[in-house]
Novice: 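Got a structure for you, questions after.
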Amino acid sequence: MLTQLILNAFISASIYILIAVSFTIIFRVVRFFHFTHAVIFTAGAYFVFFLRMELSFPFLIAVPTAIFASALLGCLIELTIYRSLRAKSTPPLVMLLVSLGIYIVLQNIISIAFGDDTKIIRSNLITEGFNLFGARITFIQGLTICTTIILLLLLVLFLKITRTGKAIRAVSSDPELAAISGIESSRIIIWAFAIGSAICGLAGILLSFDVGMTPTMGLTALMMGLVVAIIGGLANVSGIVLGGLLLGLAQQLGIWKFGAEWQDAIAFGILLGFLIVKPQGILGKNTKKATI
Amino acid sequence: MLKIKKLETGYGEKQILFGLTLEIREGEIVALIGPNGAGKSTALKAACSLLPVWRGEIIFNDNIINNYTTAQKVAKGITLAPQASRVFGDMTVMENLEIAGFQLSRREFANRLTQIFEMFPLLKERIRQYAGKLSGGEQQMLSLARALVPNPKILMLDEPSLGLSPKLVNSIFNKIVDINIKTGVTILIVEQKVRKVLEICHRVYSLKLGKVSFEGTPKELVEDNLKLKNLFL
Ligand SMILES: Nc1ncnc2c1ncn2[C@@H]1O[C@H](COP(=O)(O)OP(=O)(O)O)[C@@H](O)[C@H]1O
Ligand SMILES: [Mg+2]
């Protein structure tokens with residue numbers, strides 16, 4: 001029982017962490033609440049559904065293409081809409097509203113194109129399971145955990161080692177100082193959208209393999225991801241990982257003790273607790289200047 | 001080399017500079033002094049596109065560069081060491097220098113690094129330390145080094161002596177003169193330590209309420225105490 005609980009916690013934590021990390025990468029360079037991130041999550045899943053179930057592409061082509069398409073979608077939104085608004089120094093609150101607007105439009109497009117019912121991607125790979133220390137885990141759940149671990153390691157290496165990764169950190173931590181170092185922030189922002197949207201799309205794909213997809217799946221997922229990101233101080237990967245594990249465990253414990261309907265209440269209870277007891281977790285020391 | 005003509009700018013609706021005009025010639029050290037809040041930092045920020053130019057012109061080697069981005073100005077050879085020795089505190093000294101050399105090729109950066117370490121031997125011993133953990137004087141050195149990494153033609157310094165002990169103030173001023181003589185880089189320096197900066201600069205501008213209130217040689221001010229005092233009233 002306990003192993004199953006911990007395992008389930010890891011599975012949901014993985015998705016939360018992927019969303020939180022990808023949201024944070026973008027948030028820290030654009031400094032507004034990029035709400036459209038939710039629909040990138042959904043779009044990733046539906047891209048795979050479309051390519052796999054309607055065009056019958058093999059998984060090995062459908063999944064990478066869908067990840068690429070998610071990244072492209074994020075970049076397009078940045079290039080066509082956010083960039084020109086930023087040039088006019090649009091306040092963050094207005095940017096949030098614009099982002100919310102794009103979210104609604106895109107979610108409706110998905111809804112019209114595919115319907116509101118739950119779509120499932122069928123495959124043996126997905127439903128087959130195995131036993132792990134007495135707990136049951138499906139192949140896709142195992143893949144979700146492994147992918148998350150590998151992606152996080154790659155991401156940390158990218159941010160630590162590469163020129164672009166360092167530039168992303170620089171723009172995140174002090175945009176003016178980054179600019180006078182010769183970094184063109186608009187280019188770095190595109191990178192952040194590409195990476196963040198790819199990871200977010202992949203998270204959507206992984207979750208949809210496990211539990212299916214609906215056009216509103218991204219919204220719920222982003223809310224949980226945000227709780228994790230905020231617990232993690234909207235800053236570093238390690239804080240987010242801790243936040244994700246904490247939320248995952250608390251939710252599984254809650255489900256076990258009180259029932260599944262308490263999941264959201266637990267998440268927001270934890271968020272509230274953090275806001276009251278450890279508010280510095282919300283705005284990490286380098287995001288002071290950022291508003292919603 | 002750098003001319004600022006009738007510059008007007010500010011923050012949001014609030015105008016700070018009202019037609020600022022100054023010129024810095026190649027190889028010079030020019031000081032920009034004046035009371036707190038006169039708009040000295042604002043002038044430097046506008047000069048490197050951290051603030052938009054409302055009216056007026058920024059001219060670099062006879063080209064109007066108003067519309068260049070900050071990064072494009074760095075590529076042209078205009079760099080800034082901002083006020084309060086800003087560094088990336090959550091990154092190591094080495095990472096700070098690498099980011100400062102963002103536009104350089106690997107080879108250029110390696111060469112530049114050797115020269116920088118010759119100028120600032122102390123930094124070499126600190127490369128793995130987090131910049132936020134350095135002392136005030138060390139952070140100021142790093143800030144200066146960062147602005148020098150791209151090999152600028154004109155270096156703008158915003159109160160490099162801020163918050164330093166008198167001994168360190170002397171050493172940073174010596175460093176600045178040294179850099180100017182050895183590398184020939186042109187320097188525009190904003191300073192509150194007026195007596196000190198008058199010792200090292202070739203020419204001086206004083207700002208009051210967003211306009212130039214005095215322009216001349218440091219000698220004129222050193223010899224006329226009353227005139228100097230009036231600039232700060
Ligand atoms: N980010 C800002 N937003 C609004 N006003 C500012 C900002 N920075 C500076 N100011 C105002 O601009 C004026 C000039 O500031 P500054 O250029 O920093 O002066 P100095 O460097 O000469 O001391 C001051 O009145 C200051 O309050
Ligand atoms: Mg100032």
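Quick note on labels: first sequence line is chain A, next is B, and so on, each numbered from 1.
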Novice: Of all heavy-atom pairs between Phe35(A) and Leu222(A), which one has the smallest distance, and what is that distance?
Specialist: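 For Phe35(A) and Leu222(A), the tightest heavy-atom pair comes out as O-CD2, 3.8 Å.
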Novice: Does a side-chain heavy-atom distance below 4.5 Å link Leu206(A) with Leu18(A)?
Specialist: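 Leu206(A) vs Leu18(A): side chains touch.
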Novice: Search all heavy atoms of Leu20(B) against all heavy atoms of Ala43(B) and return the closest pair with its distance.
Specialist: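 Leu20(B) and Ala43(B) have their closest heavy atoms at CD2-CB, 3.6 Å.
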Novice: If you take the centroid of each ring, where Trp contributes its six-membered ring, are Phe33(A) and Phe23(A) closer together than 6.0 Å?
Specialist: yes
Novice: Say you draw a straight line from CD1 of Ile172(B) to NZ of Lys196(B); how long is it, rounded to the nearest 0.5 Å?
Specialist: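 Between Ile172(B) CD1 and Lys196(B) NZ, I get 13.0 Å after rounding to 0.5 Å.
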Novice: What residues of residues 22-42 of chain B sit under 4.5 Å from chain A when only non-hydrogen atoms are counted?
Specialist: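 So no residue qualifies.
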Novice: Is it true that Glu57(B) and Lys6(B) have a side-chain N and a carboxylate O under 4.0 angstrom from each other?
Specialist: no
Novice: Before we go on, tell me: are the rings of Tyr103(A) and His37(A) under 6.0 Å apart, centre to centre?
Specialist: no
Novice: Verify the distance criterion only: is there a donor paired with an acceptor across the side chains of Ser49(B) and Thr69(B) at less than 3.5 Å?
Specialist: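 Absent: no donor and acceptor within the cut-off.
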Novice: So if I take each residue of residues 155-171 of chain A and look for any heavy atom under 4.5 Å from a heavy atom in chain B, which residues do I end up with?
Specialist: Lys160(A), Arg163(A), Lys166(A), Ala167(A), Arg169(A), Ala170(A)
Novice: Measure from NZ or CZ of Lys76(B) to the centre of the six-membered ring of Tyr68(B), then state whether that distance is under 6.0 Å and the direction lies within 45° of the axis.
Specialist: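 Pair Lys76(B)/Tyr68(B) does not count as cation-pi.
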Novice: Looking at Pro52(B), is its backbone amide N or carbonyl O close enough to the side chain of Thr9(B) to form a donor-acceptor pair, meaning the two atoms are under 3.5 Å apart?
Specialist: yes
Novice: Minimum heavy-atom separation for Gly244(A) and Ile17(A), please, with both atom names.
Specialist: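 Scanning both residues, the minimum pair turns out to be CA-CG1, 3.8 Å.
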Novice: Less than 4.5 Å to any heavy atom of chain A: does that hold for the side chain of Leu104(B), its backbone, both, or neither?
Specialist: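 Interface part for Leu104(B): backbone (N, CA, C, O).
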Novice: With respect to chain A, which residue among Met91(B), Glu98(B), Gln72(B) yields the maximal number of heavy-atom pairs within a distance under 4.5 Å?
Specialist: Met91(B)
Novice: Please walk me through it: do Thr21(B) and Ile4(B) pass side chain to side chain contact (heavy atoms under 4.5 Å, CB included)?
Specialist: CA-CA 5 Å; Thr21(B) 299; Ile4(B) 295 174; over 6 Å; no
Novice: Taking all non-hydrogen atoms of both residues, which atom of Ile231(A) and which atom of Gly243(A) are closest, and how far apart?
Specialist: CG2-CA, 3.9 Å
Novice: For the atom pair CD1 (Ile189(B)) and CD1 (Ile200(B)), what is the distance rounded to the nearest 0.5 Å?
Specialist: 4.5 Å
Novice: Going through the checks in order, is the side chain to side chain donor-acceptor pair (under 3.5 Å) test met by Glu191(B) and Ser161(B)?
Specialist: CA-CA 8 Å; Glu191(B) 253 308 329; Ser161(B) 75; 2.9 Å; yes
Novice: Anything in residues 179-188 of chain A with a heavy-atom distance to chain B below 4.5 Å? Please list those residues in order.
Specialist: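 At a heavy-atom separation under 4.5 Å, chain B is reached by Ala179(A), Ile180(A), Ser181(A), Gly182(A), Ile183(A), Glu184(A).
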Novice: Under the 3.5 angstrom rule, does the side chain of Ser197(A) hit a backbone N or O of Phe193(A) as a donor-acceptor pair?
Specialist: yes
Novice: Is any residue of residues 76-87 of chain A within less than 4.5 Å of chain B by heavy atoms, and which ones?
Specialist: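 Answer by number: none.
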Novice: Indicate the atoms forming the closest heavy-atom contact of Asn180(B) with Val185(B), along with that distance.
Specialist: ND2-O, 2.9 Å
Novice: So, for Gly196(A) and Ile26(A), which heavy atoms are closest and what is the spacing to 0.1 Å?
Specialist: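 Closest approach of Gly196(A) to Ile26(A): CA-CD1, 4.1 Å.
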Novice: For Glu95(B), is it the side chain, the backbone, both, or neither that has a heavy atom closer than 4.5 Å to a heavy atom of chain A?
Specialist: side chain
